[in-house]
Amino acid sequence: MSEILVLVEQVEGEVKKVTLELLTLARSLGTPAAVWAGPGITAEAKSRLAEHGADKIYVASSGDIVDYVVAPKAELLAQLVAGKSPAAVLVAATAEGKEIAGRLAVKTDSGVITDAVGLGEGFVADQSIFGGGVNVRSKVSKGTPIFAVRPNSTAPVASTGAGAEEEVSVTLSDSAKAARIVERVKQEKGARPELTEAAIVVSGGRGVGSAENFSVIEGLADALGAAVGASRAATDAGWYPHQFQVGQTGKTVSPQLYIAAGISGAIQHRAGMQTAKTIVAINKDPEAPIFELADYGVVGDLHQVVPQLTEEVNKRK
Ligand SMILES: Cc1cc2nc3c(=O)[nH]c(=O)nc-3n(C[C@H](O)[C@H](O)[C@H](O)COP(=O)(O)OP(=O)(O)OC[C@H]3O[C@@H](n4cnc5c(N)ncnc54)[C@H](O)[C@@H]3O)c2cc1C
């Protein structure tokens with residue numbers, strides 16, 4: 001079977017969950033080959049990749065790859081596409097992943113599908129387009145198909161692969177070195193899961209009422225082991241930091257469960273969350289548009305409903 005290249009997302013040597021999801025998807029389509037870009041691969045990372053089906057691990061350990069913004073990773077993948085002729089390339093549909101996918105498509109004269117939420121036989125992708133307003137099934141008709149797949153599109157399933165390591169040396173062009181990273185500032189990470197990767201997201205909107213009241217949303221999130229999100233109305237009001245905004249101009253999430261509390265369901269908010277597998281809306285207005293796309297709806301005051309829900313969840317632990 002042909003190789004499917006999977007670009008590894010990692011932070012300080014720790015493989016991110018989305019990569020395990022991509023390896024799982026790749027297994028159903030061919031032979032997964034992980035691509036590690038940059039220095040710092042650990043024995044633990046290698047076994048994690050192999051345990052999720054990576055038959056090969058291409059390691060491009062040159063520091064140059066991570067010293068410059070985005071372009072080197074696209075060049076590395078383009079080099080591998082030319083040398084290994086994979087059947088497809090999968091990257092995570094993060095901001096960086098989508099940019100890499102686009103650049104790689106230009107370099108290899110191939111078609112690219114971004115924001116895929118599923119990938120099946122014949123490399124047909126389920127794709128969320130027009131800001132999430134329309135779902136289509138798409139297929140690349142030119143070159144090596146490149147897919148940027150949203151986190152949580154599939155559950156990671158372990159399956160042992162050979163994990164054979166192959167060192168790759170990459171020659172970067174001058175243009176790939178046009179923007180150098182001069183400083184990295186580590187963001188303090190709380191105990192909650194990362195918003196775009198979380199299996200459950202609890203979001204609050206204008207209906208939450210104040211920054212202090214967001215503790216109600218956080219309480220439910222913590223009971224469920226979820227990430228906290230917010231509508232733009234809530235972030236613009238300064239009630240919750242902008243990095244947690246979900247929507248067209250915020251983060252795109254695709255969790256198993258999305259709970260929207262005090263959020264009306266504006267099209268720009270939907271764009272960031274409507275591919276969630278199950279959507280629960282809590283809103284005091286029965287006519288709120290969010291109920292049109294919710295799988296379950298509770299008409300009521302979130303300040304009463306959410307604490308009761310939190311209590312029930314905690315009782316069952
Ligand atoms: C170019 C552009 C980009 C945008 N990008 C984004 C984006 O990325 N993300 C985003 O979210 N928005 C975005 N917006 C804004 C978007 O149009 C909406 O204004 C915003 O989503 C509204 O947020 P909300 O639902 O929290 O507030 P509202 O629309 O004001 O809704 C509040 C809801 O809370 C309910 N409510 C009030 N009190 C309670 C209570 N006690 N209990 C239960 N329910 C209650 C109300 O019934 C209402 O339905 C964008 C807009 C533009 C023009």
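When a ligand or atom number is given, it counts from 1 through the structure's own listing order. Here, residue 1 is the first one in the sequence, and each next residue gets the next number.
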A.B. asks: Is it true that Glu12 and Arg184 have a side-chain N and a carboxylate O under 4.0 angstrom from each other?
C.D. replies: no
A.B. asks: How far is atom 15 (C) of ligand 1 from its nearest protein heavy atom, and which residue and atom is that?
C.D. replies: Arg232 CB, 4.2 Å
A.B. asks: Can you check which of Asn283, Asp301, Thr249 brings a heavy atom nearest to atom 6 (C) of ligand 1?
C.D. replies: Thr249
A.B. asks: Heavy-atom contacts under 4.0 Å between Val246 and ligand 1: side chain, backbone, both, or neither?
C.D. replies: backbone
A.B. asks: Pull out every atom of ligand 1 sitting under 4.0 Å from any heavy atom of Gly205, numbered as shown with elements.
C.D. replies: 26 (O)
A.B. asks: Tell me: protein heavy atom nearest atom 27 (O) of ligand 1, and distance?
C.D. replies: Arg206 CB, 3.5 Å
A.B. asks: Of all the atoms in ligand 1, which lie at a distance below 4.0 Å from a heavy atom belonging to Gly250?
C.D. replies: 8 (O)
A.B. asks: Considering non-hydrogen atoms of the protein only, which is the closest contact for atom 42 (N) of ligand 1, and what is the distance?
C.D. replies: Leu302 N, 2.9 Å
A.B. asks: Could you find the nearest protein heavy atom to atom 34 (O) of ligand 1 and give me its residue, atom name and distance?
C.D. replies: Gly262 O, 3.0 Å
A.B. asks: Could you tell me, atom by atom, which parts of ligand 1 come under 4.0 Å of a heavy atom of His303?
C.D. replies: 41 (N)
A.B. asks: Would a 4.5 Å heavy-atom cut-off, applied to side chains only, mark Thr42 and Gln10 as touching?
C.D. replies: no
A.B. asks: Near Gln248, which atoms of ligand 1 are under 4.0 Å from a heavy atom of that residue?
C.D. replies: 7 (C), 8 (O)
A.B. asks: Checking Lys251 side chain against Gly229 main chain: does a donor-acceptor pair fall under 3.5 Å?
C.D. replies: no
A.B. asks: Which residue, Arg150, Lys139, Arg137, forms the salt bridge (charged side-chain N to carboxylate O under 4.0 Å, His left out) with Asp126?
C.D. replies: Arg137
A.B. asks: Would you find a donor on one side and an acceptor on the other, under 3.5 Å apart, between the side chain of Lys317 and the backbone of Ala223?
C.D. replies: yes
A.B. asks: What I want to find out is whether Asp115 reaches Lys98 closely enough, with some N-O distance under 4.0 Å, to be called a salt bridge.
C.D. replies: yes
A.B. asks: Is the closest basic N to carboxylate O distance between Arg48 and Glu51 below 4.0 Å?
C.D. replies: no
A.B. asks: Could you identify the single nearest non-hydrogen protein atom to atom 37 (C) of ligand 1 and state the distance to 0.1 Å?
C.D. replies: Gly207 CA, 3.3 Å
A.B. asks: Which residue holds the protein heavy atom closest to atom 20 (C) of ligand 1, what is that atom called, and what is the gap in Å?
C.D. replies: Ala266 CB, 4.2 Å
A.B. asks: Pick, from Lys284, Met273, Arg270, the option with the minimum heavy-atom distance to atom 39 (C) of ligand 1.
C.D. replies: Lys284
A.B. asks: Heavy atoms only: which of Gln268, Gln245, Gln304 lies closest to atom 52 (C) of ligand 1?
C.D. replies: Gln268
A.B. asks: Only heavy atoms count here, so choose which of Gly247, Ser231, Ala261, Gly265 is nearest to atom 26 (O) of ligand 1.
C.D. replies: Ser231
A.B. asks: When you group the ILVMFWY residues by side-chain heavy-atom contacts below 4.5 Å and let the links chain together, are Leu302 and Leu309 in the same group?
C.D. replies: yes
A.B. asks: Mark the output for Gly300 as yes if a heavy-atom distance to ligand 1 is under 4.0 Å, and as no if none is.
C.D. replies: yes
A.B. asks: Can you tell me how far CD1 of Ile263 sits from OH of Tyr258, rounded to the nearest 0.5 angstrom?
C.D. replies: 4.5 Å
A.B. asks: Ile41, Val35: one ILVMFWY side-chain cluster at the under-4.5 Å cut-off?
C.D. replies: no
A.B. asks: Can you pull out the closest protein heavy atom to atom 25 (O) of ligand 1? Residue, atom name and distance to 0.1 Å, please.
C.D. replies: Ser264 N, 2.7 Å
A.B. asks: Fit a plane to each ring of Tyr240 and Phe214, take the angle between them on a 0 to 90° scale, and name the class: parallel (under 30°), tilted (30 to 60°) or perpendicular (over 60°).
C.D. replies: parallel
A.B. asks: Nearest non-hydrogen contact with atom 23 (O) of ligand 1 belongs to which option: Ala237, Ala230, Ala233?
C.D. replies: Ala233
